[in-house]
Novice: 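Structure below; questions to follow.
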Amino acid sequence: ACPAKEVTTRESGLRGVAFRKLPYPLKRLRLSAPMAAHSGRPHAMATGSGSSTSHFLVWDGRWPHSLRSRRLRGTARVTRSMGDLEIVQNVPLKRYCTWNIGGPAQALAVVKSAEDMSKAFRWAAVEDRPVFILGNGSNVLFDNRGFEGLVILNRIAHCEHLGDGFFSVGAGYPINKLSAQLSRSGWGGLEFAIGIPGTVGGAVYMNAGAHGQDTGGIVSSVRYFDGDGRLHTVDGACLQFGYRYSIFQQMERPVAIASITLSLMRCNRARQRATEYWRRRVLSQPAAARTAGCVFRNPGGGSISAGALIDQVGLKGRTFGGAAVSRRHANFFLNKCSCSSDDMLRLIDVVKREVLMHSGVKLFEEVVVVPAKS
Ligand SMILES: NC(=O)C1=CN([C@@H]2O[C@H](COP(=O)(O)OP(=O)(O)OC[C@H]3O[C@@H](n4cnc5c(N)ncnc54)[C@H](OP(=O)(O)O)[C@@H]3O)[C@@H](O)[C@H]2O)C=CC1
Ligand SMILES: C=C(O[C@H]1[C@H](O)[C@@H](CO)O[C@H](OP(=O)(O)OP(=O)(O)OC[C@H]2O[C@@H](n3ccc(=O)[nH]c3=O)[C@H](O)[C@@H]2O)[C@@H]1NC(C)=O)C(=O)O
C-alpha cells in the first residue's frame, strides 16, 4: 500500500521532507555580491563552509525563505521583492511536478524576477551546468535519477492591466487562476484554460489549448531570456504558434520566457463559458489524480484524439508497475503508487506499440521527458 506521504501532493511541501526524507547532504548556496560580467566568474566563487570570502553558504539547517514559503509550490501570487537569489542543491523534483516522479535536481533556483532569472543563467554558465526551465511541472517526466544541472523554477508572477484589454503577466503565473480571474471580470479569450494546471510561460512554450482555442491566439508579445541570459521582446505574430507548438521549442539552447502581454476582449459570456469548460473537464478527465495532462499529442495536427485511439485498442486501466492508463480518459496516465520514471516510460512504450499495431497511427509524446544528463 502507498505510504500516506506518497499520496500527498506537492501541498505537503518541502519543509517536512528536509529532515525526514532527504538521504543526501544539503547545501544552501547564495549569490550575494553582484555577479561579474557574464563571461567572467563571479568573485569569491569558493564553496564550502568556513571561508570568509565565500558567497556560497553551507546549509544552516533552515530552508531559504523562498523554499519555506507555501506559495512556492504552485499557487499564484504577486512577486514579492526578495534580496539575493538562492540556489539550493539536491532538491527532489517529484515535489515540483504533477506526476510526482523524479529524483533530486543537482541545483534548483527559485526565480521571482527578471533580474533573478538573468543571475541564474549566469550562475549556470559559470558553473557549466545545463539548465531546465520549469513552470508548474504539469507536462514533464523527470528521471528517477534526478537532473544533473540547474532547474530554474519560474515564479515570476505579476499580473497588471495595461488598459484596453492588454495584460502584462509574469511567466510563472498559474494559467488556471488567470483564466478564472479574467473570465470572472468579463474578459474573454482565456476561458479555455480553466483547469489547466500549468503556468502562463509553460502555456506559451507549449501553446496550450483546449475546447478549440489556444494560448497563441491571445499572445500580443513575449519577453524572454536567451541561453546567454540576454533579454528580448518578440511580437506574438512571430512565434509561429501551431498545434502544441511555438518557435521556442525549436531554439537550440533553453530560453526562459519571463513575461507575456496578452490581448483580451470584453465578453459578457466569459464567465458562463469558463464554467461550462470546467464542467466538461471534470467530467471527462481525471482532474484530481497525479497525471501530466495528455501524454500524447493528438495525431493529424490535433484533429484525431489520441485518447480515443488508445481507448479503442482497449488499453484503459492497463498498468505497468505504478503507472496506469486512466479509465476516465485514456490519454492520461496515472502515478498510482510509487511509480518510477521507468514504469511510466515502459507504459508509454507499450501504448505506442499497441496503437501502432492496431490502428497504424504513430503517437508522439506531448509530455517533455527530461533525461538525468543532457
Ligand atoms: N490542455 C490541458 O488540459 C493541459 C495542458 N497541459 C500543458 O502543459 C503545459 C505545462 O505548463 P507548465 O506546467 O507551466 O510547464 P512545465 O513545467 O511542465 O514545463 C513544460 C515545458 O515548458 C517549458 N517551459 C515552462 N515554463 C517556461 C518558461 N517560463 N520559459 C520557457 N520555457 C518554459 C519547459 O521548457 P525547457 O524544456 O526549455 O526547459 C518545459 O519543457 C501547459 O502549457 C499546457 O500546455 C498540461 C496539463 C493539461
Ligand atoms: C489534456 C490536454 O489537452 C486536451 C484538452 O484538455 C481536451 C479538451 O479540449 O482536448 C484534447 O483532448 P482530446 O482530443 O482527447 O479531447 P476530448 O474532448 O477529451 O476527447 C475527444 C473525443 O475522444 C473521445 N475519447 C476521449 C478519451 C477516451 O479515453 N476515450 C474516448 O473515446 C471523447 O469521447 C471525444 O469524443 C486535448 N488533448 C490534446 C492531446 O490535444 C493536454 O494537452 O494535456
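Every number for a ligand or one of its atoms is a count from 1 in the order of the listing. Source: prediction; values computed, not measured. We're numbering straight along the sequence, starting at 1.
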Novice: Looking only at side-chain N and O atoms, does Asn144 offer a donor or acceptor that is under 3.5 Å from a partner on Ser341?
Specialist: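 Yes, side-chain donor-acceptor contact under 3.5 Å.
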Novice: Could you give the side-chain donor-acceptor pairs of residues 184-201 under 3.5 Å, partners two or more places apart or in another chain?
Specialist:
from   : atom 1 : to     : atom 2 : distance (Å)
Ser185 : OG     : Gln181 : O      : 2.7
Glu191 : OE1    : Gly189 : N      : 2.6
Glu191 : OE2    : Arg273 : NH1    : 3.0
Thr199 : OG1    : Ala171 : O      : 3.4
Thr199 : OG1    : Gly202 : N      : 3.1

Novice: Please work out whether the ring planes of His232 and Tyr224 are parallel, tilted or perpendicular, with thresholds of 30° and 60°.
Specialist: parallel
Novice: So among Val313, Leu309, Ile310, which one has a side-chain contact (heavy atoms from CB on, under 4.5 Å) with His358?
Specialist: Val313
Novice: If only atom types and distance count, is the side chain of Asn90 paired as donor or acceptor with the main-chain N or O of Pro104 below 3.5 Å?
Specialist: no
Novice: Please produce the table of protein N or O atoms sitting under 3.5 Å from N or O atoms belonging to ligand 1, one pair a line, distance to 0.1 Å.
Specialist:
from     : atom 1 : to     : atom 2 : distance (Å)
ligand 1 : 1 (N)  : Gly209 : O      : 3.1
ligand 1 : 3 (O)  : Arg281 : NH1    : 2.7
ligand 1 : 3 (O)  : Arg281 : NH2    : 3.0
ligand 1 : 13 (O) : Asn136 : N      : 3.2
ligand 1 : 13 (O) : Gly137 : N      : 3.2
ligand 1 : 13 (O) : Ser138 : N      : 2.8
ligand 1 : 13 (O) : Ser138 : OG     : 2.7
ligand 1 : 14 (O) : Asn136 : N      : 3.0
ligand 1 : 14 (O) : Thr199 : N      : 2.7
ligand 1 : 14 (O) : Thr199 : OG1    : 2.6
ligand 1 : 17 (O) : Gly135 : N      : 2.7
ligand 1 : 17 (O) : Asn136 : N      : 3.4
ligand 1 : 17 (O) : Gly137 : N      : 2.8
ligand 1 : 18 (O) : Ser138 : N      : 3.1
ligand 1 : 18 (O) : Asn139 : N      : 2.8
ligand 1 : 29 (N) : Asn154 : ND2    : 3.0
ligand 1 : 29 (N) : Ile257 : O      : 3.1
ligand 1 : 30 (N) : Ile257 : N      : 2.7
ligand 1 : 39 (O) : Ile133 : N      : 2.9
ligand 1 : 39 (O) : Ile133 : O      : 3.2
ligand 1 : 43 (O) : Gly202 : O      : 3.0
ligand 1 : 43 (O) : Ala203 : N      : 3.0

Novice: Salt bridge or not for Glu365 and Lys352, using N-O below 4.0 Å?
Specialist: yes
Novice: With hydrogens left out, which residues have an atom under 4.0 Å from ligand 2, given that only heavy atoms count?
Specialist: Ala210, His211, Tyr243, Arg244, Arg281, Gln285, Gly293, Cys294, Phe296, Asn298, Ser305, Gly307, Ala308, Asp311, Lys316, His329, Ala330, Asn331, Phe332, Glu366
Novice: Tell me, which pairs form a salt bridge (charged side-chain N to carboxylate O under 4.0 Å, His left out) where one or both residues lie in residues 213-224, sequence neighbours left out?
Specialist: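 Pairs touching residues 213-224 that pass the test: none.
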Novice: Can Arg122 and Ser118 be counted as having a side-chain donor-acceptor contact under 3.5 angstrom?
Specialist: yes
Novice: Do the charged groups of Asp226 and Arg230 touch, with an N to O distance under 4.0 Å?
Specialist: yes
